[in-house]
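See structure below.
Only this structure's heavy atoms are used, side chains among them; waters, hydrogens and symmetry mates stay out. Throughout, a chain's letter reflects where its sequence line sits, starting with A, and its residues are numbered from 1.
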Amino acid sequence: MTVVRGRVWKYGDNVSTDLIFPGQYTYTLRDPDEMARHVLENLDPRFAQEVRPGDIIVAGRNWGCGSSREQAVTALKHAGVSAIIAKSFARIYFRNAINNGLLPVICPAAVEAIQAGETVEIDLRTWIVRCAAGEFPFAPLSPTVLEILQAGGLIPLLRQKLGVALPEERP
Amino acid sequence: MAAKTFAEKALARAAGRTAVTAGEVVDVRPDVVLSHDNTAAIAQIFASLGVRRVWDPDRIVIVLDHAVPPPTPQHAQNHAEIRRFVQAQGLRHFYEVGRGICHQVVSEEALVLPGQVILGADSHTTHYGWMGAFGAGVGRSEVAALWATGELWLRVPDSMRIVLRGRLPFGVTTKDLCLKVLGDLGADGGLYLSVEFHGPALREWSLESRMVIPNMMAEFGVKNAYLPPDDAVFDWLAERLARRTGRPIPECRDRISAGALYPDPGARYVAEHTVDLDRLEPLVACPHDVDQVRPLREVAGTPIDYAFIGTCTNGRIEDIAAAVEVLRGRRVAPGVRLLVIPASQVVLQEAIRRGYLATLVEAGAIIGVPGCGPCMGNHMGIPAPGEVVITSMNRNYRGRMGPRDVGIYLASPAVVAASAVTGVITDPREVVG
């Protein structure tokens, strides 16, 4: 994961997990494809039908506020979304994104500049977002976070680590 | 040593370090890990780790509360899977359908104590700040990782101080205080922060009134919230810890108070705000954001279809008492439904003992099974598309209760009850007056 490139879907402030993945599905839907079919249905019914692999979501402040439900991340990931660029993220959503290998980028200036539908690039070598309006730097992710993202998420990382730490399954 | 905030002290202790500073990333070993109906999904992730036994069965708490009793075969199957996991892992702290909402149950059972760290797969895990514990919400994968290793990375948050001056006027509650904070500072005003409340008024409030505050601060974006614990907190928890463990109350109380943590004078805060309680008035959060807060008087008269009192924010006996005071001798307006769901079985029993249920039912209220009810749009009282709801719950995002075009107003329980009586958003002081 060095450069992430994708087409933009743009949304506003305070998009809650209720809009991203409705609560009524949280204990019944576990099939990733089915989850992806309902993602964002309360905000933008077109999204689930038209999203393409690699697409990037660009959002305002406090993306993913509200419930801790992790499906608000995994459903987007299964729908093919490669990254989310926001002015800010709700804190549990930020953690859930990292823990599921979905790149969260905090870059308010880029959010202002990016237009819906354009193709943008997130460069993790130089920590820059490139779009039609120019280049916008963002704060590098911490080593802890990068390690998890590069492993594909917390659980894949933990599997690697446990595989080393626990050669035999514990009784 | 440098002066420390509550969050710095609590996370240092949980990380086994002498001191940590805001901004550091630390590996924390929480005292309690909480999950609810999402436990089956977490167990599935846990199984993929190849670890057969959880790290410490006594530190894991599971409460079935989000869709209880189960409304569909799928929900029932979900609960059945959780019971199998609980049995296979030998988990003692498992609470069945109907016992109550996880945060209320964990408090009532004194499963978390002041100064401890609880991480839960639920955004309202901020709740435990009422007793001066560090509570933070995490995701399902993180809980699976915790079950396996007992450890999780956390960034030590910066802290905000909210200083409370004066006293709340009659008819104004801690729910209004929370709405004031949200309205003034925004739904992301506390993002990533630990928010501490200080001021003499806190000690005068019932514990139930205090519980509203850190619970509702989840809507402020915070990592955790904190109220300094006092004797009332220690006494309340000691009685319950003694009941659960069979140890003498004085011994429990000593243990509880010894764990309490208080920020040092001179600790570093990135922001400080003062709220003049004397000048607060009843407030309402309007659709579709928790920070669309307006004075009750400005939205009074708005017609409603449905009123709901309950949830981990405002479903305790004090909240039901406030509703009963408004509803006694009155009727829910024609065409309006009022649903009341006690936060726990203990609250329900107390409501029965005090005769509140009779009053509520006579007034035309519907009584629900202790649990989360329709709060997240699962079941037990979903509004119809296009309807307007007033509720004591904690969030009003579009689609929260199911249909996307339901307008949800958030207010204190008395305001919800008064609105149910008149059919329009109403100041309870006018009804009871």
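No side-chain donor-acceptor contact under 3.5 Å links R91(A) to the backbone of L193(B).
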- Query: Would D188(B) and C65(A) count as a side-chain contact (heavy atoms from CB on, under 4.5 Å) if you check the C-alpha gap in whole Å, the side-chain angles of each, and the deciding distance to 0.1 Å?
  - Reply: CA-CA 8 Å; D188(B) 58 352; C65(A) 57; over 6 Å; no
- Query: Is there a side-chain contact (heavy atoms from CB on, under 4.5 Å) between N14(A) and D291(B) once you walk through the steps?
  - Reply: CA-CA 10 Å; N14(A) 292 328; D291(B) 56 7; 3.8 Å; yes
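For Q77(B), no part lies under 4.5 angstrom from a heavy atom of chain A. Neither the backbone nor the side chain of V290(B) comes within less than 4.5 Å of any heavy atom in chain A. For chain A, no part of I42(B) is nearby; none of its heavy atoms comes within less than 4.5 Å. No part of A218(B) comes within reach of chain A, as not one of its non-hydrogen atoms sits under 4.5 angstrom from that chain. Residue H79(B) does not touch chain A at all, counting heavy-atom pairs closer than 4.5 Å. Neither the backbone nor the side chain of N394(B) comes within contact range of chain A, judged by heavy atoms closer than 4.5 Å. If you measure heavy-atom distances from D289(B) to chain A, the contacts under 4.5 Å come from the side chain alone. Of the two parts of L191(B), only the side chain, counted from C-beta on, holds a non-hydrogen atom closer than 4.5 Å to a non-hydrogen atom of chain A. In this structure, no portion of D13(A) lies under 4.5 Å from any heavy atom of chain B. Looking at T144(A), only its side chain comes within 4.5 Å of chain B, counting heavy atoms on both sides. Contacts of E81(B) with chain A are made by side-chain atoms alone, with heavy-atom separations under 4.5 Å and no backbone atom involved. For a residue to count as touching a neighbouring chain, one of its non-hydrogen atoms must lie under 4.5 Å from one of that chain's; by this rule R395(B) touches chain A with the side chain only. Heavy atoms closer than 4.5 Å to chain A are found nowhere in T125(B), neither backbone nor side chain.
For R155(B), the salt bridge (charged side-chain N to carboxylate O under 4.0 Å, His left out) criterion is met by no residue, not counting sequence neighbours.
Sorted by first and then second residue, the salt bridge (charged side-chain N to carboxylate O under 4.0 Å, His left out) pairs with a member in residues 63-81 of chain A read D18(A)-R69(A); sequence neighbours excluded.
Most heavy-atom pairs under 4.5 Å with chain B: of the set I155(A), L154(A), N96(A), this distinction falls to I155(A). Of the residues considered (K223(B), H288(B), H379(B), H75(B)), K223(B) shows the highest number of contacts with chain A, using heavy-atom pairs under 4.5 Å. Of the listed residues R140(B), Q74(B), M401(B), the one with more heavy-atom pairs under 4.5 angstrom with chain A than any other is R140(B).
Y397(B) and G66(A) make their closest contact through CE1-CA, 4.0 Å (heavy atoms, listed as atom of the first residue, atom of the second, distance). Pairing each heavy atom of N42(A) with each of G402(B), the nearest pair is ND2-O, 4.2 Å.
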